[in-house]
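Heads up, the thing below is written out as structure tokens.
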Amino acid sequence: MGKTAARVAIACAAATCAVAAVAASNRLRQRANWSRAVAIVDEFREAFQTPMPLLKHVVDAMVAEMHAGLVREGGSKLTMLLSFVDSLPTGDEHGLYYALDLGGTNFRVLRLQLGGKNGRILNKEYQEVSIPPDLMIGSNEELFDFIAQRLGDFVAQEGEDYNPHGKIRELGFTFSFPVNQTSINSGHLLKWTKGFAIAETVGKDVVSELQTAMVRQGLQMRVAALVNDTVATLAGARYWNKDVMVAVILGTGTNACYVEHADSIPKWRSALPKSGDMVINMEWGNFWSNYLPKTQIDEALDKDSVNPGEQGFEKLFSGMYLGDIVRRALLKLAKEAALFGERVPSKLSLPFILRTPDVSAMHTDESSDLEETSRVLSSVFGIKSSSLQVRRLIVEVCEIVAERGARLAAAGIVGILRKIEGDCVANGVANGEVGKVNLANGELGKLIGNNKVNGRKTVVAIDGGLYEHYPKFRNCVDSTITELLGKDAAKDVIVQLFKDGSGIGAAFLAASHSLYR
Ligand code: GLC
């Protein structure tokens, strides 16, 4: 071999060596990144876990906070608001009623023709309107004018068969935010939630705001009932089933209400119109207990939100936040373990870009190569390629986040059932019917069955997109309730999806609080 040829051969060998060395170091880096990614997901699993003992503490804390919130205003983060709904629909309601259901980025207007005992719902029409995002943080007048105008457009399409006979049209107004009610059709907004932030509205009577806007729009209509969506759902579900005692919203936001004895409400005893039952809007989105597993991700999400320090329970799992918790987890994986390559995809840093339906789509992806997950990664974050191994890890992250949420929601529901159970025991003991009862798991169904509602089952009505459209979340809520109650007791509790209860229920309540009853 000549000298030149020898030099070329040496250079080639060196280059080959260098390429091989780079490849080897890439492989090493990838392996290290992958180990780091797996370790991060292990940390998530640990931090998000909700073992049974923790859930039982959450159940107890929910019961304790419910009591504290009923004793006095400010007694708990659970505001336990009086709804002034002291009679629920019976099915006898009849006539034409409207409902306006405002609670998230959309509102709905409904027209219902009720036919009494035999007729039930003769006709139902509705329209859904999306609220331009700038109106959610704009001025009070603009928001209410927009709503009144769209309601007016809907009323204008009423058709011939409505014969008012000089009566004014009546409306049930579902306003799904915390309101301090002063009567069935008046109440002041305590604070906005779910991304709304219009400072002017806080402290105002929302019914007056709506009535004034309706006058500005030339619309003649009376707000007969102002209700939270949980209360409307309870009313809507009661129309069909007398055993409904609890209603829960698992949607953009989350909340619950239940039927309480007026005598158990010390803080309002003087204000109560009469003794009997009263629906309490718990505003459980604001529930907090140190047992709740709050991670660094939750802390950062809260800090960046429009209402830091508030709605702690809601921020752990409601539909508005679940997607963003997953996004933050993926961002950490991208930054610290280069999950999507050396460059962090820029869209991963955009708050709320990943929506809860996307999380559900990935979590429920059953295809062998996780095609749906690829589709979400590409359409939401612009990540065009990923390995199956990476996609599996992402599905696992969705599972970790959603399971924590569903199990905590279940613990909240069992807390309410326990509170009702405790009241049964107290009443039973007072009447000498039950005697000393063991409050351990498993007794609830028996108590409710034997004592509370005369052998009937207790029904929990649930509404909201998170529960309706995210099957794995729903299944986990249901199975955790059974796990917490014990199989026997769980037989006496029915958890049921009641779709669209929040609009329909408001129309029923408008009927039962009509001027023309
Ligand atoms: C938020 C609201 C609450 C509502 C819930 C569900 O938590 O504060 O009033 O019921 O969302 O929509």
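Note that ligands are numbered from 1 as they come in the structure, with each ligand's atoms numbered from 1 the same way.
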Per-atom contacts of ligand 1 with [X], taking only distances under 4.0 Å to non-hydrogen atoms:
X    : result
E283 : 2 (C), 3 (C), 8 (O), 9 (O)
T193 : 1 (C), 2 (C), 8 (O)
Q311 : 7 (O), 8 (O)
N255 : 3 (C), 4 (C), 5 (C), 9 (O), 10 (O)

Query raised in the report: Does a sphere of radius 6.0 Å around CG in D134 hold more than 12 heavy atoms from other residues, nucleotides or ligands, not counting ones at 6.0 Å or beyond?
Result: yes

**Report entry** Nitrogen or oxygen atoms of E314 and ligand 1 under 3.5 Å apart
**Finding:** yes

Requested in this report: Give yes if a backbone or side-chain nitrogen or oxygen of N281 is under 3.5 Å from a nitrogen or oxygen of ligand 1, and no if not.
Outcome: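 No - when backbone and side-chain N and O of N281 are compared with those of ligand 1, no distance drops under 3.5 Å.
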
Query raised in the report: Nearest protein heavy atom to atom 12 (O) of ligand 1, by residue and atom, and its distance?
Result: D229 OD2, 2.6 Å

Query raised in the report: CG of L250 to OG of S318: how many Å apart, nearest 0.5 Å?
Result: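 Answer for the CG-OG pair, L250 versus S318, is 9.0 Å.
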
Requested in this report: Calculate, to the nearest 0.5 Å, the distance between atoms CZ and CZ belonging to R404 and R45 respectively.
Outcome: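 With rounding to 0.5 Å, CZ (R404) is 14.5 Å from CZ (R45).
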
Query - D302 and K315 ion-paired at < 4.0 Å - result: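 Result for this pair is yes, salt bridge flagged.
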
Query raised in the report: Charged N to carboxylate O under 4.0 angstrom, D500 versus R108?
Result: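 Yes, D500 and R108 are salt-bridged.
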
Query raised in the report: Is there a heavy atom of G251 sitting under 4.0 angstrom from any atom of ligand 1?
Result: no

Query raised in the report: Closer than 4.0 angstrom: is that true for some heavy atom of G253 and an atom of ligand 1?
Result: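 Yes, G253 has a heavy atom closer than 4.0 Å to ligand 1.
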
**Report entry** Residue pair D229 / N255, side-chain donor-acceptor N/O under 3.5 Å
**Finding:** no

Requested in this report: Verify whether one side chain among Q311 and K191 offers a donor that lies under 3.5 Å from an acceptor in the other.
Outcome: yes

Query raised in the report: Between T254 and ligand 1, which part of the residue brings a heavy atom under 4.0 Å of the ligand: side chain, backbone, both or neither?
Result: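 Only the backbone of T254 comes within reach of ligand 1.
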
